[in-house]
Structures are given as structure tokens and as C-alpha cells.
Amino acid sequence: MPNAIVDVRDLRKVYRSWSWGRRREVHALRGVSLQAHAGEVFGLLGPNGAGKTTLIKTLLGVVRPSGGGASLFGLPAGSTQARQKVGYLPESLRVDRHHTARSALRYYGRMSRMGPSEINRRSDELLELVGLRGRDKESVRRFSKGMYQRLGLAQALMHDPSLLVLDEPTDGLDPVGRNEVRNVIQRLSDSGKTIFLNSHILQEVELVCTRVAIMALGEIKAIGPIAELAKSGQASPVFLRIAHSETQSIESVRSVVANHPVVDPATSDPADESVELVSVDQRPSANEWTMNVGLSDQAATDRLVDRLRAANFSILHLETKQASLEETFMRLVNQPSAVEAEPIATSSGHATDSQVTDEISA
Amino acid sequence: MRPYLAVILDSFHAALSSRVLWIAFIAIWILLGALAPIGYREDLTTEFRRWDFDNGTQLKAMLAQGLADPQQESTALGRVSAALPEDLQRQLKRVAKGEEVRIRTNALADGLNEVMDRQDWHDDDAWKATARLRELRDLDAKSDDELSEVMKKRRSRLRIEAALPGVFQARASRSILLTYAGFDFPAPLPFGKEQFDMVTNQFVLPLLMNWLLGFALIFLGILVTASIVPDMLQPGSLHLLLSKPVSRSLLLLSKFLGGCAFVFLCVCQLVVGLWLIAGLRLDIWNVRLLWCIPVAVFLFSVFYSVSFFAGLRWRTPILAIGITCMFGAFVLVVGAIGGYFDAFVSQPAAIRSMVLAGDEVLSTTRGGVVQRFDKTENVWSPLSEPDQRQGDLVLPLTKLSDDTVATARIKGGRFNPYGSGSLDLQLLERGTDWEPEPAMRLPIATRRIFAVPGESLIAMNTGGLMAADWDSVLAWSSDETKSTSGTKAKAKNDSESAAPGNWLTELIRKRGGATSDFQSILPAGVTIVQPVRVAVSDDAQWMILYSLGRITRLEKSRDADQPIWLATAKRELDGEASKGAVIAISGSKLLVAREEESIKILDAESLRELSGIELSSDGSVHSAIGLADGERFMIVYSSGSSCLVSTAAGTAALDYSLQYDDVESVSLDRETDELMIAHDTDRIDFVDSQSFQVQRKIRPSLSGWRFVDRWVITPLRTLTPQTGELGQTVAALVGGKSSVTIGQNSADDGDRIRFKILRPVLSCAGFVIVMLSISCLYFARRDF
């Protein structure tokens, strides 16, 4: 798309280190591609060790990619010009203890090449916005985690960036604080800012993000609007209650649901659909069976109904369900990786983000 | 630059919020508060102290003679001796009888101080025969009513000094007395305000700075700043910094500069405080003291660059401190080894004097070695060495002929300045392969010998100038043909038989007076009082004597039987008489260079001033020599650099057509008209004194420890930042001199201290640049 603010193409990152004469490699990113567009609130979801932080650090130029590429506003990610347009809130912000909220904003404003008058003006605005007005001359030593996060958000907004990269923005906040941050994000989104949000709190992402990418083991597992993600690549759960005669056995219904060849009636070709029989149970009080079936779309549902009717089953009840983001997330991150055969770490196997950091630190 | 300035300013902000900084501030304020009550008082120099005596043996002998010799009874010496306390007189009389009596110098000083309290021993007529300083003459011209008690005591002291010439150290007329909160320190300092300023600026303040800044603050600074980089590398801090539109390298350099903020703030307090105390309390307003601020921060930056890289690489302050301490220890060890090699290997090998005897080059070294240059092996071959390294002092070589050279070895060197024990002339002769052979006994405390070829050998000691007959000198030669009046054995017998003599002869010998071989040549009214210098004319028929601010031209009497030389001109120089001087004769011109003054060119006959010239900034003049053309002098500064002083155009001008940087000593061979310039420890250039073309060179091969010094120690020192030597940079900056000469009262034997200024700065700067480059490269290329 022409207005992709964040454009990541086949991004790879391998951390290499030596330990006791042995070379170790950790594949943190395995060909990640994604785009975030202007005005979007783009959520990056994934469990610990999925590669989210590495992806963000690559976008900010903190780490250098091993392959592929990334750009911000069409500029190489990590370039000074690109960083000029980015506001970043790190996961666990650390502000030197000699600062107050105001002096910290002044310091970070200067770091972003802002002039004194502009710094003063923006400081007033942002302290008001994040709810730190009145406590702006207090040493940050007395700040709670939530106040730190608010200060971090304020500093990220100091130079009025076009892109905000927020790493776990509501981490450590109480419910009220989370709500306030969500409101701020929403307002920023409304004002046209692009927000790239990294979080493992699914509800938060569900509430504020317009598009989401789910990462696991250094790969993008799925990407798109949340509603589409729930459907993507996975059958929707359908609950059925059917009546059966004395002669019909439970195996017969299993064969109807699971083993019947699926043919597209229009073309007589095999249909591109999946039918997953999750469970079949006989109700003890009547000649009824209950079934949980996964169906890819409405056509598949129609065809299953047709087959059951053709086999003289009477459908007493049919109910379709929408998968939640959490279910989708859990399903996707538990999927075997396309490159699972390939070891994540050549010597120690699976590695998480934090492990990667630890290894580099060591 | 705004982001980087923000980082630097933030470091100051962080430093000022540090508790450790405020503790350091309080410690500094307490120190400055403790120093603030120090003050000084200036008064006339009156009381004698034991360190005022230049030659205690001579003093004892003179006083004993004054008591025992009837001829001295009505002289100034006799009157002072007779005024001494009874018990001291008893002891001195026993000395006069030849008994070995130990009299402590403190007791002598106390005795003279008691004399000073009275006036009855003085007699105008008796003192007319003494050499009185202008100050004494002025005081004598006043009546007692016009003088305060202190001035009377001053006058008494000057009278005693005039009565006992040659035994006192040169002292300024006014002495400094340190005070603390209005209370006087127990003893006055043995120098005047000018010297006090020099000592304070050159030694005390740099020493204070080196200890406080070079050790305490650096260590404290490293402890405090070691956590800056590991803190910055915390993910929540670093990632935010790196996300800003700044260059990583410049960000790191800004952090480095900011890290120096702590030391800068402390050093500013300390140095400005000391500067104010020195100015307000001691009247030493030395703006150069403020140079200590950048130098101390620079010194800190050397250690901080190590701590900085260690913190960057391992991200732990403890490891950064540990590695920096290990680095400091390594630098200290290398510096100590280098200093040891300087003191015991290279400096003792430096050439002090040299002569060209025919085709042979002989020299003496600072370490007391007499040596000959072996052309076949291209090495200096020792002819005699001291018992212990640097133990002995060897008098400069004096050429008697192409086959004979004279010198003398003072056992114990600096610890035996009076030449106690046997002080024999040593003759080095071609016939005996230049092996030093003992010859006639020299007057006690001889510091220099001069040859008047074919006539006499003149010895200068603290008591005067004495000449020995040329033939009696050569009588000691192993070459019998050179002796015209007897054999060596006869000479020896004469000398030895004269040794015991009567008590008076022995006393006179002890006081450095005439002996059986050496007769005084100084006319009445001319005495030698330190600081003293002698320059002999080309034809050795006249000489110039500088003594305690007074210049005297002495001419040899035309009457061959008259040993006393004639004083044909005198001149008293303005200013402090106790200042040392360097003099040299070229034709009919005399060059006089006194400490802290411009060079003067005088007419050597009338001693009238002809012209003057300001010194360059290379320190004071250490030695000078007149060239044969009668127009030019070569001067060597205490820094080792040299230049010419030309008087050809009627006015003196500096001429840089013969320039060396590291001159050890200079000598002129009158026969070949060649300048011998010893430089770079033991190399010699033979330069034509007319064209200044180098005729030949001596470049001896290195061997033994000097080889190790050149090829192992020197490269090691070059690669290691010489932080210890930065103390010398401080001394040079604070003192305003790149070199100083110490102990240059009587001859060219003063120790030159040449401060290394550029080398430590370059060495440290190079190290910091390398460390910062590695750090920047690591930081710029590293994933975090």
C-alpha cells in the first residue's frame, strides 16, 4: 500500500554469541513481514520470546537486522530522519533519579532537538494529558510504576511524532490508569497518529487496535483486523443437537460428519473447506446426540445440514459461535511452527526474548 | 549539538544531585578551611640556624684560629671569636690544640646568636679589612639611634658574616616566617619572599595538587562515575536514548564528557579555593594555578576512559572499578620502573664535562665516572668509577696538556660537600693509558680547578682561590721528563712531610686556606662568599670572579714572584645579592646571567654594562661559554635547549644558528677552536665555532642496562600513558618554567630538573583517544 508507515519485509534477526568456545545462534526473527498504515492502531501480539521486542528494536535501530529490511515513512528503519518522527515508550522505562517529571521532559525534548519554548509549551500540555500536572516538580524517586508509565507516554509524545511505538503501555497501571491510557491512544488515533502497540494483554489490544499481528517463535502467525483473525484459517465452532432412531449408531453420525467426501455441488470439485468433528456425545435421557463441529464457513454448515438430513437425522438445535481473540491467539501460538523442524537455537533449543537479552548481556 | 549538550548538562545535574559529590565538597571545604589561616610575616634575617652554615668544619677551624692565633686578636675574626660564650671558647681552644672535638652546628649557631645580642665586640677598624656588603655599609653609616633592635641584630649578623667569609650559605636579607591563625611557626624559613614564591609555585603547590588531584580525587571520581555507563545500558534507559535522533558515538562521547563533570566540579572548588588562599594569605596571585583544573580533569579522563570501556563491555560498576585499579597499578609500576631507569641508568650516564686531549676524548659523567671514548669499540670506556653509584662527585676535567688531564674525586659526593678526608688531585696521562693517578693534595672543599698553562693550577674552594706552581703539579706526573724540579717521589715526600705541620698550619688547612702547595691569590678585601662563579680569560692572565652579587676582575701580577692577583675592577650588581649567576668571557666581553633577571653584557675590563637581553621562556641559564671570536656566547638553559648570544652589532641579540634541544654540557677546545657539545645523555658533536658546521660526532653504542632502557623500557613507557609525569606538567604550568636548577651555588654542578611537559600530555591524550575510539566502535556496532 502506498501509505504504509511501517513496512517490514522478510525481516530476520539472528543473535550470535560465543560461550565457552561454542558458537550459539538464536533466531529471534524468521522472515517477518507486515505493514502498518497511517492512522492505524496496530497491535503486535505474542507470548514472551515471540520476537516482538526484537522487531520493535529493529524498527528503532537499536538492533541491526540480519536479513530483510524495514522502513518507517519510507526511510530506512533506524536512520536519524526516521527516528526523528517516532515517539517511543519502552517496556520498563527508567528515568534517572535526579529528574522531576518536568526536567525529564525537558531533557528528552532536547534529545529530540526541540527548542526551549516548544519544550515548555508541550510539557504543560502533556503533563495535563497524562495526569501529572501538580506533581511535575516532584522527584521521580517518589513515582509509582503507573506514574512512570504516564511520564513515559508524555516523553514519547514530546516532539509530536507521527508514529508512536508503545511497548506494553499499560503495564503496571491500575484499571483506571489503563482506561486513561486507552483513551489517550484513542484520541491520538483520532488525530491521525499511527500507533504501533506491543502488548501481551489481549483485552487491551482487542479494545484499542484496528489491526493486529500475532507473533510466535519469530514468525507472524496471523495478521489483520481482529474480526477476520477470529475466522482466519480455522473452522468456526457449531453446536448441534440431533435426534436419531434406534437403528442409527453413533458411528454412523461420525461417518456422516467426518468421512463424507465434500464436493462443491456447482463444480463437482472437492470443496475447499474443513470440517472438524470436535465431539459427539449421546444424551442419556433421550435419543439425542450433541455434537461440536468446526466449520469453515456458512456453505460448509449448509452442506453438513444437507448430509445429516439425507441420512435421516433430525436436527433439533443448531447454534454457531464466534471465536474470541484469546481463543484465536491460543490456537495460533500453539500451532506447530512452519519451521519447527528447524531448531530455534542450534545448541540450546528454544529461546525467549528475555533469554536473548540475557545472552547478549552475558 | 543540542542533544549532546543536553546529555552533558544532564551529567552535571546528576552529579550535583549525588550525595557523594556533596560529601566531597564538604571534605574540600574543611581542607580549605584548615589551610585558610596560614599566613606569613616578612622580617630581616637575623638569627643563625644550623642550615645557614655552608661549611661547618671550616667555621669551627676559623673560630678556633681566631681564638688561638695571636695575629688574629685584633681582626674581625679574632673579635667575634673572643665574644663567643665561654664554654664554646673552651671547646674551640681544644680544637686549636689539635684535639678531635665534636661541636654541634646548633651549638655554633647558638653561640653566634649570643654574640649578635651584644655590640661591644665590634670595631670599625677591624671590619674595614673585611668585604662588607652594601647593606652592611649602609647600616654602618647609621648611628645606633637610627636603628631598631631588629636592624641592629641584622647589622651584627652581617658583621659576623663579613668576619667569617666562605662559611655561610647565601641568605636573602629578609626571611619569611609562616604564621597560622596569627601564631608564628617555630622557625623562619631560610629564604626571602621571592624564593618563597618560587618554592611555593614550583614545588609546594604542584605537590599539593598532585596528591589531592592526582590521587584522592581521581580515585573518588572513578568510584562515583563507574556506574554511569552500566546505568545507561539498562534497557529502559538505553533503548529510549537510542530511539532518539542522535548519533551513538556522539551520545557516548557526551556521556564521557558528562562523566568528567564530577571531577570538574570538585577540582574547581579545590583549585579556586587554593588559589584564593595563596593570593589572599600569602600574596601569591598565580593565575597559572588555575591550569590545574584542566590538567586534573584530563588526568581523570585517562582513568575514566578505562572505566568507561570496562563498564560498556561488562556492564558492571564493580568490574569497571576493579579493571581501572589494575590499570592504575600497571601505570604506576611502569612509571616507577621508568623513573628507576632514569635515576640510575640514563641520568648518571649524562656527560658533565669533557676535554679533547690530542686525539682522545675524555669525559666525566653525572654519576661520577671518568671515562675515555674507545673509538675501536665505539663505547665509553670507564677509567674510574665511584664506589657506589652516584656516590662520588668528580670535579670537571681540566686539560693541562694534550697528554695530561686533571680532576679530583670527592668521596661521598653531595653528602660530603667539604671534601673531608683526603682530597687529592688526580692526573690522567696518556702514558699510563689515562688511568687516574693520585697527585698533590688539594685545598679542602675544592669545587673547581683552572689551569694557567705553564704557570699554575688554580683551585677554587669555599675559602678562596689558591694557586699551585705548575712544576709542582707536573712533578706528580709519571712522565719524569715533564717535571722540572724534582721527581714524583720528592714531591710526595715534600707534601707528606708538610702534612702534620704545626697546629696553625693544620687549622688553616682545615678551614680551606692555603696549604704547602697552594697559596692564596686573592687580594685583600676580596673574599669568596657563595654564590660564586669564576671565568678565566683565554690567555689565563685575568679572570672574573662573581661572589654574592659582586663582580671583581682579577689580573695576574706582572711580578712573577708576586702570587697575589690584583683586583683591577669591581662592580656590585643591583638586586638581591644571594642570587646565583652564570658568567662567561668572550674576548673583552663578560656575560652575566642571574636568576630571574635579563642577561647582561659587560665590558670585561671596566665591568661597565654594554647591553642586555631578555631571556627566552626556556627557564634559567644553566651554563654559558664564550666563543673565541670575542663576540658570541653559547648559553644552555636549564631546559637543555641552547642558543647563541651575539654582541657583534653592539647590542646583544639571541642567535639561533646553533641550536640543540637536549644539551648536557658544553666545552670549547681553545687549540682546535672546536665546540664540544654533549647532548642526549652521552653523545658529543664537535662543532667549528666559526662556521658552526659539525666536524665529527660521537655516537656511542648502547650496552647493558642502557640498551634495555632504550629498547624495552622506553617503548613500554611510550605505549603506557604517563599519568605520573603529568605532575611535572602541573609543576611546569604552575611554576611557569619548563625546568629549574637546584644547588648551583659554586660551579656548574647544579641539578637540572627538566619537567616533561609535552610527552605525558601526548601519551595520555593518545591513550584516551584510542580508548574512546574502541568504546565508540563497540557502542556503534553493538546490538543492545
Side-chain angles (χ1 to χ4, degrees), chain A residues 13 15-16 28 53-54 56-66 78-99 103-104 106-116 119 139 141 148 152 155-156 158-159 161 165 167 354 356-357 360-362, chain B residues 1-22 224-225 227-251 254-255 258-259 261-262 265 311-316 319 778-784:
Chain A
K13 179 64 190 176
Y15 289 111
R16 296 186 175 88
T53 303
T54 300
I56 284 182
K57 287 200 281 187
T58 310
L59 293 177
L60 295 169
V62 177
V63 299
R64 285 171 174 69
S66 308
S79 65
T80 306
Q81 295 89 337
R83 279 183 285 161
Q84 183 79 56
K85 299 180 177 183
V86 179
Y88 172 54
L89 170 64
E91 182 177 358
S92 47
L93 176 71
R94 193 179 170 282
V95 179
D96 286 338
R97 290 154 60 87
H98 62 273
H99 277 301
S103 71
R106 189 184 309 124
Y107 173 57
Y108 290 116
R110 283 176 182 162
M111 292 289 285
S112 299
R113 301 170 191 271
M114 293 170 70
I119 286 174
S139 169
R141 292 175 204 204
Y148 257 102
Q155 70 77 28
M158 262 309 270
H159 57 297
V165 178
D167 199 353
S354 56
V356 170
T357 309
I360 300 306
S361 307
Chain B
M1 291 306 290
R2 186 173 288 157
Y4 312 111
L5 287 175
V7 173
I8 295 170
L9 286 175
D10 187 61
S11 302
F12 277 84
H13 192 180
L16 282 170
S17 69
S18 154
R19 281 184 198 159
V20 182
L21 181 82
W22 287 99
V224 172
T225 57
S227 62
I228 288 180
V229 173
D231 281 355
M232 181 188 78
L233 295 180
Q234 297 285 326
S237 173
L238 179 71
H239 297 160
L240 182 56
L241 281 178
L242 295 183
S243 74
K244 300 295 176 191
V246 292
S247 148
R248 282 195 188 190
S249 297
L250 290 177
L251 174 68
S254 306
K255 278 279 177 189
F262 174 87
L265 291 171
L312 194 62
R313 175 65 186 81
W314 289 284
R315 304 185 187 191
T316 150
L319 207 54
Y778 181 84
F779 190 60
R781 299 184 65 82
R782 185 78 180 169
D783 289 334
F784 289 95

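As the structure is a computational prediction, the values presented were derived from the model and not from experiment. In what follows, every heavy atom counts, from backbone to side chain, and hydrogens, waters and symmetry copies are set aside. Per chain, numbering begins at 1; letters A, B, ... match sequence-line order.
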Measure across [X] and [Y] and return the closest heavy-atom pair with its distance rounded to 0.1 Å.
{"X": "L240(B)", "Y": "Y88(A)", "result": "CD1-O, 3.5 Å"}
{"X": "H98(A)", "Y": "D10(B)", "result": "NE2-OD1, 2.9 Å"}
{"X": "P3(B)", "Y": "M111(A)", "result": "O-SD, 3.6 Å"}

**Prompt:** Using non-hydrogen atoms only, which part of L238(B) is less than 4.5 Å away from chain A: side chain, backbone, both, or neither?
**Reply:**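 Interface part for L238(B): neither.
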**Item:** L16(B) portion near chain A, given a 4.5 angstrom heavy-atom threshold
**Value:**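 Nothing of L16(B), per the 4.5 Å heavy-atom cut-off to chain A.
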**Message:** Check this for me: R781(B), atom CZ, are more than 12 non-hydrogen atoms of other residues, nucleotides or ligands nearer than 6.0 Å?
**Reply:**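 No, not enclosed.
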**Prompt:** Is it the backbone or the side chain of K85(A) that comes under 4.5 Å from a heavy atom of chain B, or both, or neither?
**Reply:**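 Neither part, no heavy atoms under 4.5 Å.
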**Message:** For S79(A), which atoms come within 4.5 Å of any heavy atom of chain B: side chain, backbone, both, or neither?
**Reply:**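 Nothing of S79(A), per the 4.5 Å heavy-atom cut-off to chain B.
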Got a second to check how far [X]'s [atom1] is from [Y]'s [atom2], nearest 0.5 Å?
{"X": "Q234(B)", "Y": "L93(A)", "atom1": "CD", "atom2": "CG", "value": "12.0 Å"}
{"X": "Q155(A)", "Y": "K244(B)", "atom1": "CD", "atom2": "NZ", "value": "4.5 Å"}
{"X": "I56(A)", "Y": "H239(B)", "atom1": "CD1", "atom2": "NE2", "value": "11.0 Å"}

**Request:** Under 4.5 Å, counting heavy-atom pairs only, tell me which of R110(A), E91(A), R83(A) racks up the most with chain B.
**Result:**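 Of the candidates given, the most pairs with chain B belong to R83(A).
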**Prompt:** Relative to chain B, which of Q84(A), R97(A), R113(A), R106(A) shows the most heavy atom pairs under 4.5 Å?
**Reply:**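 The option with the most such pairs is R113(A).
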**Message:** Are D96(A) and H13(B) packed together at the side-chain level, in the sense that at least one heavy-atom pair is separated by less than 4.5 angstrom?
**Reply:**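 No - every pair of side-chain heavy atoms lies 4.5 Å or more apart.
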**Item:** L60(A) vs L242(B) side-chain heavy atoms within contact, under 4.5 Å
**Value:**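 Of all side-chain heavy-atom pairs linking L242(B) with L60(A), none is under 4.5 Å.
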**Message:** Would the distance check show the side chain of R2(B) and the main-chain N or O of S112(A) forming a donor-acceptor pair, the cut-off being under 3.5 Å?
**Reply:**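 No, the answer is negative, given that no donor and acceptor are paired below the 3.5 Å cut-off.
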